[in-house]
Amino acid sequence: MLPSKETQVRFFKSGIVGGVAFVVRLGLVPVLDRSLAPQPTFWVSYFVSLATHYGLNRFWALRSSRRDWHQQLVEYGLTAALGAGLQYGVFLLCFYRLGWNQFWSNAFSVPPSTIVVITILNYRVFRAGSRA
């Protein structure tokens, strides 16, 4: 059973947003790598891509009629923290245990959390309906 047409479009747009945020992040890694250690490079590139991700989702891909934007921002922050934890764990595994370079460790850290984060954002944080 496929989700509704609206849900399919929201997931597609969210995928585009994720792709843009991914490009922003990976574009920063080589630049930051010249002057920062691996862990600060991870976090600076993560937060810049996170700001891109939030803005594009909030105002385009997962537009929501929710009026409780304060609560929505808290929920987004918690979801982002979950995604960051998953990504950071994979980054540490790839960089320190597998010996990959910063670029590939950062690149590979994103996909494992993507499905979890997109699902939470679509069905909870930026859900189509508004809260009473």
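Counting side-chain heavy-atom gaps under 4.5 Å among Ile, Leu, Val, Met, Phe, Trp and Tyr, the cluster of Leu78 also holds Val74. Apart from Val31 itself, the hydrophobic cluster it occupies contains nothing, where clustering links Ile, Leu, Val, Met, Phe, Trp and Tyr at side-chain heavy-atom distances under 4.5 Å.
Phe126 places a side-chain heavy atom less than 4.5 Å from the side chain of Tyr54. In this structure the side chain of Ile120 reaches within 4.5 angstrom of the side chain of Leu82, judged on heavy atoms.
Residues Val90 and Leu26 fall within the same hydrophobic cluster, defined by Ile, Leu, Val, Met, Phe, Trp and Tyr side chains chained together at heavy-atom separations under 4.5 Å. By the criterion of side-chain heavy atoms lying less than 4.5 angstrom apart, applied directly or through intervening Ile, Leu, Val, Met, Phe, Trp or Tyr residues, Tyr76 is grouped together with Leu62 in one hydrophobic cluster. Residues Leu86 and Phe91 are members of one and the same hydrophobic cluster, defined by side-chain heavy-atom contacts under 4.5 angstrom among Ile, Leu, Val, Met, Phe, Trp and Tyr. The hydrophobic cluster containing Phe95 also contains Leu92, counting ILVMFWY residues as joined when their side-chain heavy atoms lie under 4.5 angstrom apart, directly or transitively. Val23 and Val110 fall into different hydrophobic clusters, where Ile, Leu, Val, Met, Phe, Trp and Tyr are joined by side-chain heavy atoms under 4.5 Å apart, directly or via other members.
Considering only residues two or more places apart in sequence or on other chains, Gln72 meets the side chain to side chain donor-acceptor pair (under 3.5 Å) condition with Arg58. Taking Thr7 as the reference, Pro3, Ser4, Phe11, Asn122, Tyr123 meet the side chain to side chain contact (heavy atoms under 4.5 Å, CB included) condition, with sequence neighbours excluded. Residues satisfying the side chain to side chain donor-acceptor pair (under 3.5 Å) test with Asp33, not counting sequence neighbours, are Gln102. The side chain to side chain donor-acceptor pair (under 3.5 Å) test applied to Ser113 returns Gln87, not counting sequence neighbours. Looking at residues two or more places apart in sequence or on another chain, you find a ring pair (Phe, Tyr, Trp, His ring centres under 6.0 Å) between Trp100 and Phe108. Leu56 meets the side chain to side chain contact (heavy atoms under 4.5 Å, CB included) test with Val17, Val20, Thr52; sequence neighbours excluded.
Once rounded to the nearest 0.5 Å, the distance linking CD1 of Ile118 with OG1 of Thr79 reads 12.0 Å.
Residues His53 and Gly18 come closest through the heavy atom pair CD2-CA, 4.2 Å. Between Ser14 and Ala61, the shortest heavy-atom contact is N-CB, 3.8 Å. Arg10 approaches Arg63 most closely through the heavy-atom pair NH1-O, 3.1 Å.
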Original post:
Passes side-chain contact (heavy atoms from CB on, under 4.5 Å), Ile16 versus Trp60? Steps please.
Top reply: CA-CA 11 Å; Ile16 292 171; Trp60 179 66; 4.2 Å; yes
Side chains of residues 38-48: which donor-acceptor partners sit under 3.5 Å, not counting sequence neighbours?
residue : atom : partner : partner atom : Å
Gln39   : OE1  : Tyr88   : OH           : 3.2
Gln39   : NE2  : Tyr96   : OH           : 3.4
Thr41   : OG1  : Ala37   : O            : 3.0
Ser45   : OG   : Thr41   : O            : 2.8
Ser45   : OG   : Phe42   : O            : 3.0
Tyr46   : OH   : Ala80   : O            : 2.8
Tyr46   : OH   : Ala84   : N            : 3.4

